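Report on the following structure.
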Amino acid sequence: MSLYLFQALNGIGLGMIYFLISVGLTIIFGLLNFVNFAHGAYYLLGSYLAFTIVSLSGNFWLALLLAPIVVAALAWVTEKTLIQRAYHLPHTFHILITLGIALIIQELSISIWGPIGKTVAAPPSLAGVIQLGDFFYPKYRLFVIAFTAVIALALWFLLERTRFGALVRAGSEDAQTVSLLGTHIHKLFALTFALGVGLAGLAGVLAAPIRGVHPFIGPEVLGLAFVVVVIGGMGSFVGALVGGITVGLVQSMMTTLWPQGASLMIYGAMAIVILMKPYGLFGRA
Amino acid sequence: MKLEINGIHSYYEKSHVLEGVSLQVNPGELVTLLGRNGAGKTTTLRSIAGIVKPAKGSIMFNNEELIGREIFDIARKGVLLVPEHRGIFGILSVEENLAIAVRSSSRWSLADIYEMFPRLYERRKNGGNALSGGEQQMLAIARALVNDPKLLLLDEPTEGLAPVIVDEIVRILQKIRSAGVSVLLVEQNLAVCEKLADRHYVIEQGRVVYSGSGEQFRQEQEIKNRYLAV
């Protein structure tokens with residue numbers, strides 16, 4: 001029994017990290033109608049920055065604060081120099097450009113941090129396990145669940161209860177009309193892109209102590225994020241949350257039941273959702 | 001706050017839609033732009049708002065050139081387009097539709113708007129997609145009002161609306177004019193136009209073919225027959 005509880009908690013933690021990655025992808029797609037294939041690479045960058053900051057300062061909290069900001073700032077610069085020139089082009093161009101960015105980030109990471117994976121230690125205050133009766137669970141993983149839940153709430157508040165959020169939602173419906181109301185649409189786009197990518201960077205930091213960092217994780221993360229978004233529905237916040245946790249749970253439960261089939265079942269879950277609801281669980285047609 | 005358009009030429013792809021349109025809206029004036037479908041009325045408004053970029057000519061507002069500026073930049077100068085499709089955000093509530101447009105410099109606050117449009121107050125929690133056509137039109141105008149307008153560009157505000165609603169829109173436009181906001185109105189409903197306007201322009205095949213004051217225009221049966229009859 002406690003094995004299943006253990007795997008369920010693992011699945012939720014993993015799922016919340018998937019949520020962070022996919023919610024950025026889905027917001028960017030919703031507002032900018034832009035397909036970001038570099039999303040996994042920015043996650044990678046978040047992980048590596050966490051590694052460097054922790055190695056230099058020994059302070060994980062500093063990494064948790066700083067790395068996502070650096071990733072978001074870099075995304076903002078990329079948007080200003082390159083990506084905003086491609087919004088009016090078809091999706092295939094978005095994929096070409098961002099795949100290029102992803103390769104650049106990946107290869108630069110290899111030349112800076114080397115081809116062999118690194119590990120990042122959890123902060124000392126969260127090392128070890130929590131014991132409840134005969135049930136043991138790593139403190140850090142519990143922290144990830146709690147922390148991402150807080151981030152999810154804050155993000156929900158930002159998107160649903162602030163002027164910025166209303167503008168993002170309005171822009172996903174009709175960007176030109178938002179512009180006609182005097183909103184600096186280029187700023188809104190750049191900020192949203194930086195926010196979405198920064199969340200992928202944050203996910204990279206949080207996942208580093210659990211999964212380590214290796215330079216080829218980008219495409220895998222990107223693939224998972226797209227599965228989450230397809231399950232939840234493009235452009236939906238709740239969809240990203242439900243999709244993320246679904247994928248996390250399926251993956252972690254299958255690791256116990258049928259390890260070889262874990263990845264297969266994720267895509268199986270996606271196929272079932274597509275068959276029943278082609279726009280995803282919370283998607284709009 | 002004077003608008004002066006001088007000989008603008010605008011294109012959609014290769015089709016030459018405006019072939020040298022010139023017109024003026026003086027401070028505080030309500031001016032209509034009349035003409036058949038496809039004459040270039042909407043394109044004129046879209047050119048002023050910056051959605052269409054004229055290839056030639058000039059659009060001066062308050063002695064500043066608007067051509068070449070971004071859409072939001074023009075809107076921030078108080079030149080606000082209420083488009084024909086109204087542009088209400090369906091996934092935002094009525095209140096959010098207004099809130100994203102509010103500027104503190106505007107003489108109309110959210111409270112003023114709710115007083116002016118009681119119906120919008122009643123429906124403030126509803127989604128934009130739940131509104132009737134008349135309510136959407138009122139919301140579109142209200143949204144422009146909280147956005148600090150100096151010159152309103154209205155594209156067929158009474159199109160497809162019931163007569164009672166049309167009367168209400170006319171009352172609202174009178175209020176807006178008496179507040180000193182200039183209005184350039186594109187409208188098919190001649191009765192509405194004659195009730196409201198200081199001056200009229202008639203546009204045909206991308207050119208202004210007639211201009212005259214409200215009084216003059218009332219007598220111009222021939223112009224109405226030639227350019228405005230269906």
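Letters go in sequence order (proteins before strands), and every chain restarts at 1. The figures that follow rest on heavy atoms only: side chains count, while hydrogens, waters and symmetry mates do not. Since the model is a prediction, treat every value here as computed from it, not as a measurement.
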Task: The single option from B/L153, B/V79, B/L81 passing side-chain contact (heavy atoms from CB on, under 4.5 Å) against A/L180 - done: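 Checked B/L153, B/V79, B/L81 against A/L180; only one passes side-chain contact (heavy atoms from CB on, under 4.5 Å): B/L81.
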Task: Residue of the set B/I100, B/L80, B/I71 for which side-chain contact (heavy atoms from CB on, under 4.5 Å) holds with A/L181 - done: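 One option only clears the test, and that one is B/I100.
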Task: Residue part contacting chain A, namely of B/V102, when any heavy atom lies under 4.5 Å - done: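 Looking at B/V102, backbone and side chain both touch chain A.
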Task: B/I88, part contacting chain A, at a heavy-atom distance under 4.5 Å - done: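 Backbone of B/I88 only, per the 4.5 Å heavy-atom cut-off to chain A.
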So does [X] have more than 12 non-hydrogen atoms from other groups sitting under 6.0 Å from [atom1]?
X      : atom1 : value
B/Y121 : OH    : no
B/Q205 : CD    : no
B/K53  : NZ    : yes
A/F157 : CZ    : no
A/E160 : CD    : yes

Task: Validation row: A/T183, B/R76 side chains within 4.5 angstrom (heavy atoms) - done: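 In short, these two side chains do not touch, never coming nearer than 4.5 Å.
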Task: A/T177 side chain reached by B/R86 side chain, heavy atoms, under 4.5 Å - done: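 No; the side chains remain at least 4.5 Å from each other.
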Open item on the list: Using a 4.5 angstrom heavy-atom cutoff, name the option from A/A166, A/S172, A/A170 with the most pairs to chain B.
Closed with: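 Answer, by heavy-atom pair count under 4.5 Å with chain B: A/A170.
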Open item on the list: So, taking the atom named CZ in A/R169 and the one named CD1 in B/I91, what distance separates them when rounded to the nearest 0.5 Å?
Closed with: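 Result: 6.5 Å between the selected atoms.
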- [ ] Supply the atom-to-atom distance B/F72 CZ to A/K187 NZ, rounded to the nearest 0.5 angstrom.
- [x]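 Reported value, rounded in 0.5 Å steps: 8.0 Å.
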TODO: Carefully, step by step, assess B/F89 and A/V178 under the rule side-chain contact (heavy atoms from CB on, under 4.5 Å).
DONE: CA-CA 9 Å; B/F89 300 109; A/V178 171; 3.6 Å; yes
Open item on the list: If I compare all heavy atoms of B/A75 with all of A/S179, which pair ends up nearest, and what's the gap?
Closed with: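 That closest heavy-atom pairing would be CB-O, 4.0 Å.
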- [ ] Determine, for B/E96 against A/R163, whether the closest basic-nitrogen to carboxylate-oxygen distance falls under 4.0 angstrom.
- [x]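 Result for this pair is no, no salt bridge flagged.
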Task: Polar contact flag, side-chain donor to acceptor under 3.5 angstrom, B/E70-A/H184 - done: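 Absent: no donor and acceptor within the cut-off.
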